[in-house]
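Below: one structure, written as structure tokens.
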There are 2 protein chains.
Amino acid sequence: MTKTKTDKSVTALPLNTILDGDCIEAMNALPANSIDLIFADPPYNLQLRGDLHRPDNSRVDAVDDHWDQFDSFKVYDQFTRAWLKAARRLLKPDGALWVIGSYHNVFRMGAELQNQGYWILNDVVWRKSNPMPNFRGKRFTNAHETLIWASKSEGAKYTFNYEALKALNDGVQMRSDWVIPICNGGERLKDENGDKAHPTQKPEALLHRILVGTTNPGDVVLDPFFGTGTTGAVAKMLGRDFIGIEREESYRKVAEKRLSRIRKFDKSALEVTASKRAEPRVPFGQLVERGMLRPGEVLTSMNGKQAKVRADGTLIGDGIKGSIHQVGAHLEGAPSCNGWTYWCIRRDGKSVPIDIFRQQIRAEMNN
Amino acid sequence: MTKTKTDKSVTALPLNTILDGDCIEAMNALPANSIDLIFADPPYNLQLRGDLHRPDNSRVDAVDDHWDQFDSFKVYDQFTRAWLKAARRLLKPDGALWVIGSYHNVFRMGAELQNQGYWILNDVVWRKSNPMPNFRGKRFTNAHETLIWASKSEGAKYTFNYEALKALNDGVQMRSDWVIPICNGGERLKDENGDKAHPTQKPEALLHRILVGTTNPGDVVLDPFFGTGTTGAVAKMLGRDFIGIEREESYRKVAEKRLSRIRKFDKSALEVTASKRAEPRVPFGQLVERGMLRPGEVLTSMNGKQAKVRADGTLIGDGIKGSIHQVGAHLEGAPSCNGWTYWCIRRDGKSVPIDIFRQQIRAEMNN
DNA sequence: CCACTACATGAATCAGGGG
DNA sequence: TCCCCTGATTCATGTAGTG
């Protein structure tokens with residue numbers, strides 16, 4: 001069985017630790033197909049940040065070099081190609097990836113994602129409620145950053161906790177634009193001098209939404225640009241395992257301290273609103289077998305259509321025999337129909353959808 | 001002097017007309033360095049599979065037009081490279097370009113822009129106030145599109161009417177996220193059958209903001225994918241000259257008719273952007289995401305009822321899971337309940353209603 | 001003319017399991 | 001791998017129709 005093999009590799013993962021070193025080398029040292037979710041916040045700007053390395057791990061001395069624009073994009077693209085490739089190897093077939101960036105780098109990441117066969121599921125806009133204004137008045141206030149959510153390949157069965165996200169949004173479907181404040185106040189980590197410990201610390205609210213929405217408890221989340229460990233902190237709170245990779249010792253130290261203070265939330269608090277799709281399937285025939293419905297009884301739709309129950313759990317209506325769904329679809333001239341909510345029956349003088357019998361059976365199954 | 005030369009080419013421009021034909025050929029036939037602003041809404045290269053139905057079984061009218069079909073990313077990239085190159089030749093040295101796209105194509109456009117030496121000034125998010133929902137509940141609602149604003153090259157003196165934009169935005173600096181409804185109602189052009197004349201007509205409010213903000217009266221605005229002529233219509237209203245290129249005769253005809261009716265400085269166009277500020281809705285889930293409340297914390301009502309917070313912003317109390325309002329109503333045996341004032345939490349030794357957190361978030365949002 | 005209900009529709013990469 | 005069947009799933013607007 002593959003289970004043993006999977007268990008072995010999972011056991012081999014350095015769970016809930018921060019790995020030192022170059023993110024590409026560190027990723028290549030981990031087992032393939034072992035990660036459920038990757039969140040990556042790579043360096044944006046190779047001109048200003050000194051932490052960019054070529055794929056061969058030689059250091060790019062950005063300050064002294066005088067590349068023209070094209071050359072510097074070329075180097076950035078090589079870097080992007082290398083780490084996205086390493087990330088893709090690590091993902092389980094149904095795993096997914098989030099990246100975040102600004103207009104300086106996000107277009108290059110998005111194009112490379114598509115070139116490598118990742119399948120974009122959404123681009124998401126983090127709309128900052130308190131961005132820094134444009135002081136010189138020469139451009140629009142840079143009030144957002146862009147995230148890309150992608151599965152490993154087209155057709156993969158990625159995790160999406162639709163109902164939980166809808167609950168987070170007061171019962172309305174979650175949109176692709178998220179209003180979240182930038183990280184400051186008590187959440188913003190400071191170093192011993194009182195300066196910010198990391199220039200681009202991401203807010204925990206952002207990771208909370210990502211991890212609640214696109215992972216399950218017990219999943220393994222990798223962050224190859226760990227920084228001060230927001231991904232790890234939220235993963236730990238939410239009962240997910242994390243792996244961080246960070247080459248700067250000062251960031252690792254801050255992150256270690258931060259993580260040691262985090263406590264996991266109650267198990268019961270981590271359960272989120274489940275989708276109906278997760279419920280066990282109940283064949284309509286069971287309702288007949290159990291005597292909840294009798295062969296010969298007549299079902300009625302809200303708009304007055306009728307069909308008769310047969311002993312084998314099929315219906316006959318308008319001369320057509322078939323499942324509750326097929327007969328309903330036929331009567332409506334529709335491509336499909338959910339017979340459970342379409343058909344009603346009279347009970348105690350009231351017309352009730354047959355779905356209540358299914359709920360009754362499911363309730364018994366849970367006892 | 002170059003002035004004479006410039007005047008000659010400007011005179012030669014086919015101002016305020018719609019050119020027939022392929023956009024690249026048509027652009028190459030125009031004089032170099034002659035255009036102030038280009039607005040481009042190219043095909044998005046949507047890759048749709050089967051039909052999509054709404055939950056009520058009605059079919060979604062998808063963008064399946066022949067002009068949006070490309071065989072591969074490679075073919076799409078060649079197309080993008082060619083038209084962006086032709087566009088750049090046309091721009092005056094201080095001219096600028098706007099492109100709009102979705103995650104299907106915008107990353108490829110953005111990367112190619114940078115490769116060609118365009119200098120990105122902002123990416124701007126058009127947040128749709130009324131987008132189409134995600135009917136199957138498999139992804140986030142696709143609620144935005146992305147625009148990129150770029151000058152012809154780094155260091156160019158692009159046009160940016162800072163004060164005009166600030167005035168449009170109630171005296172506050174204009175941000176990079178714009179809330180504008182999709183184009184429907186009376187503005188949406190219909191054909192003789194009453195169907196939409198173009199599948200992707202852009203709202204005039206979007207072009208209004210772009211042209212007021214990044215052109216001056218008398219400037220020449222080119223739209224190489226003219227469609228039904230929103231760019232031309234708004235340009236004419238605002239006293240800018242336009243050149244449209246459109247190869248589909250049916251779109252050209254609709255655009256001609258539309259433009260003939262437009263009068264300069266149409267007052268109604270100016271009213272479109274007037275913003276109204278209502279009290280923003282704050283989902284309870286945001287309190288959890290932001291760490292104001294922790295999953296597992298216990299909320300208490302004034303009369304001693306209790307419930308526990310879950311990670312997705314729902315509560316569990318008395319075995320019932322649901323929103324703060326639903327659980328409150330259940331515990332009280334009432335038909336409804338305002339959870340914001342019903343539930344309290346202990347902070348600093350005192351019991352405070354959770355509504356104070358909502359007020360706090362609203363205060364941040366109004367800043 | 002107003003109030004109310006019903007219906008239509010928008011740039012969409014929109015399912016998953018069993019046989 | 002393919003086919004077949006079950007059955008889950010929507011928000012904001014604008015317009016038309018009814019009383």
Side-chain angles (χ1 to χ4, degrees), chain A residues 94 114 118-123 149-151 153-158 160 162-163 166 169-176 275-285 313-314 322-326 328-329 334-343 354-355 358, chain B residues 41-65 67-70 73 100-106 126 128-146 179 181-188 190 194-196 198-203 225 227:
Chain A
D94 293 336
Q114 292 178 311
Y118 285 96
W119 193 245
I120 297 182
L121 300 166
N122 277 111
D123 59 336
W149 175 43
S151 60
S153 55
E154 184 181 358
K157 296 188 199 94
Y158 55 91
F160 185 60
Y162 176 74
E163 292 295 340
K166 194 171 167 179
N169 197 33
D170 264 8
V172 182
Q173 188 174 89
M174 188 71 82
R175 301 169 36 122
S176 59
S275 164
K276 272 191 195 168
R277 280 184 250 260
E279 301 267 328
R281 202 177 72 86
V282 176
F284 174 73
T314 58
S323 71
I324 53 172
H325 315 296
Q326 289 166 334
S336 70
C337 170
N338 184 342
W340 290 107
T341 51
Y342 179 76
W343 293 111
I354 59 174
D355 199 40
R358 182 172 64 161
Chain B
D41 180 14
Y44 284 13
N45 190 24
L46 299 185
Q47 296 148 59
L48 306 178
R49 300 298 186 250
D51 277 353
L52 177 65
H53 291 86
R54 298 185 179 81
D56 66 3
N57 270 327
S58 63
R59 198 176 70 87
V60 173
D61 185 14
V63 179
D64 53 3
D65 306 75
W67 48 255
D68 198 46
Q69 308 298 323
F70 293 83
F73 280 134
I100 182 166
S102 67
Y103 64 83
H104 308 86
N105 69 326
V106 77
W126 168 26
K128 304 179 185 183
S129 57
N130 49 349
M132 184 161 61
N134 185 292
F135 296 115
R136 307 299 292 261
K138 301 305 295 179
R139 303 183 179 188
F140 300 96
T141 309
N142 224 319
H144 75 276
E145 293 187 29
T146 302
V179 180
I182 58 175
C183 179
N184 56 14
E187 189 186 321
R188 188 83 194 217
K190 302 293 194 322
D195 299 323
K196 57 190 176 191
H198 190 284
T200 68
Q201 186 184 339
K202 294 293 173 288
F225 306 97

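Per chain, numbering begins at 1; letters A, B, ... match sequence-line order.
- Listed pair B:R136 / C:dA15 meets the phosphate criterion, a side-chain N or O lying under 4.0 Å from OP1 or OP2.
- Within the nucleic acid shown, A:E163 comes within 4.0 Å of sugar-phosphate atoms alone, with no base atom in reach, counting heavy atoms only.
- In summary, the aromatic rings of B:F140 and A:W149 are positioned with their centroids under 6.0 Å apart.
- Among the atoms of the strands shown, base atoms are found under 4.0 Å from some heavy atom of B:N134.
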Start with the C-alpha gap between A:W343 and A:F284, add the side-chain angles, then the distance that decides, and say whether ring pair (Phe, Tyr, Trp, His ring centres under 6.0 Å) holds.
CA-CA 12 Å; A:W343 293 111; A:F284 174 73; 9.4 Å; no

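- Using a 4.5 Å cut-off on side-chain heavy atoms (C-beta onward), B:R136 and B:L52 make contact.
- A distance cut-off of 5.5 Å between ring centres, combined with a plane angle under 30°, places A:W119 in a stacking arrangement with the base of C:dT13.
- Nucleotides D:dT10 and C:dT9 are separated by 12 Å at their C1' atoms, to the nearest Å.
- Counting to the nearest Å, the P atom of D:dA8 and the CG atom of B:L52 are 18 Å from each other.
- If A:P283 and B:D56 are placed on DNA chain D by their nearest nucleotide, the residue sitting closer to the 5' end is A:P283.
- Atom P of nucleotide C:dA12 and atom CG of B:D61 are separated by 9 Å, given to the nearest angstrom.
- The nearest whole Å value for the distance from the CG atom in A:L121 to the P atom in C:dC14 is 10 Å.
- Rounded to a whole angstrom, the distance from the C1' atom of D:dT1 to that of C:dG16 is 15 Å.
- Contacts of A:C337 with the nucleic acid, taken as non-hydrogen atoms under 4.0 Å apart, include base atoms.
- Under 4.0 angstrom from either OP1 or OP2 of C:dT9 there lies no side-chain N or O belonging to B:N184.
- Look at A:Y162 and you'll find a side-chain N or O under 4.0 angstrom from OP1 or OP2 of D:dT10.
- Looking at heavy atoms from C-beta onward, A:P335 lies in side-chain contact with B:N57 at the 4.5 angstrom threshold.
- As a whole-Å value, the separation of B:F135 CZ from C:dT9 C1' is 8 Å.
- Here B:D41 lies in heavy-atom contact (under 4.0 Å) with a base.
- Within the 4.0 angstrom heavy-atom criterion, no nucleotide atom of any strand lies near A:I324.
- Checking D:dC11, C:dA11, C:dT13 against every side-chain atom of B:W67, the shortest atom distance belongs to C:dA11.
- A:S336 comes within 4.0 angstrom of a base, heavy atoms only.
- In this structure, B:R54 reaches the bases: a heavy-atom distance under 4.0 Å links it to at least one base atom across the strands shown.
- Across all strands shown, B:R188 has heavy atoms under 4.0 Å from sugar-phosphate atoms exclusively, and none from any base.
- Atom name C1', nucleotides C:dG10 and C:dC14: the rounded distance is 15 Å, in whole Å.
- Rounded to a whole Å, the CD atom of B:Q47 is 19 Å from the P atom of C:dA11.
- Taking only side-chain nitrogens and oxygens, B:K138 comes nearer than 4.0 Å to OP1 or OP2 of C:dG16.
- Residue-to-nucleotide contacts include no donor-acceptor pair under 3.5 Å from the side chain of A:S275 to the base of D:dA8.
- For D:dT6, the OP1/OP2 oxygens have a side-chain nitrogen or oxygen of A:Q326 closer than 4.0 Å.
- With salt bridges taken as basic N to acidic carboxylate O contacts below 4.0 Å, one links B:K128 and B:E145.
- With a cut-off of 3.5 Å on both pairing distances, C:dA11 has no Watson-Crick or G-U wobble partner at all.
- With distances taken from any side-chain atom of B:R49 to the nucleotides D:dT9, C:dC14, D:dA12, the minimum falls on C:dC14.
- Here D:dG7 presents its C1' atom at 15 Å from NE2 of B:H53, a figure rounded to the nearest Å.
- Taking atom CD of residue A:E154 and atom C1' of nucleotide C:dA15, one finds them 14 Å apart after rounding to whole Å.
- Base pairing analysis places C:dG18 opposite D:dC3; the two distances defining the Watson-Crick or G-U wobble pair are each below 3.5 Å.
- Applying the 90° criterion around 0 to the glycosidic angle, C:dT13 comes out syn.
- A:M174 is not listed as a side-chain neighbour of A:F160, based on a closest heavy-atom distance of 4.5 Å or more.
- Using N1 to N3 plus N6-O4 or O6-N4 for Watson-Crick, or N1-O2 and O6-N3 for G-U wobble, each under 3.5 Å, D:dG19 pairs with C:dC2.
- Separation of atoms CZ (B:F225) and CH2 (B:W67) is listed at 10.5 Å; rounding is to 0.5 Å.
- Counting non-hydrogen atoms under 4.0 angstrom, B:P42 reaches a base of the nucleic acid.
- Applying the 3.5 Å distance criterion, the base of C:dT13 shares a donor-acceptor pair with the side chain of B:R139.
- Distance B:I182 CD1 to C:dA8 P: 17 Å, rounded to the nearest Å.
- In this structure, B:K196 reaches the C:dG10 phosphate: one of its side-chain N or O atoms is under 4.0 Å from OP1 or OP2.
- Here A:K166 does not reach the OP1 or OP2 of D:dT9: none of its side-chain N or O atoms lies under 4.0 Å away.
- Contact annotation: the side chain of A:Y342 never approaches that of A:H325 to less than 4.5 Å [non-hydrogen atoms, C-beta and beyond].
- B:V106 comes within 4.0 angstrom of nothing in the nucleic acid, heavy atoms only.
- Taking atom P in both C:dA11 and D:dG14, the straight-line distance is 14 Å, to the nearest Å.
- In the set D:dT10, C:dT13, D:dG14, D:dT10 carries the atom at the smallest distance from any side-chain atom of B:P133.
- Judged by distance alone, the side chains of B:H104 and B:S102 do bring a donor and an acceptor atom under 3.5 Å apart.
- Contacts of A:R358 with the nucleic acid, taken as non-hydrogen atoms under 4.0 Å apart, involve only primed sugar atoms and P, OP1 or OP2.
- Distances shorter than 4.0 Å separate none of the side-chain N or O atoms of B:S102 from OP1 or OP2 on C:dA11.
- Considering only the side chain of B:S58, C:dT9 comes nearest among D:dT6, C:dT9, D:dA8.
- Using a 4.0 Å heavy-atom cutoff across all strands shown, B:N142 reaches sugar-phosphate atoms only and no base atom.
- Straight-line distance between the C1' atoms of D:dT18 and C:dC1: roughly 14 Å, to the nearest whole Å.
- When heavy atoms are screened at a 4.0 angstrom cut-off, B:G186 is found touching the sugar-phosphate backbone but no base atom.
- Between A:H325 and D:dG7 there is a side-chain polar atom (N or O) within less than 4.0 angstrom of OP1 or OP2.
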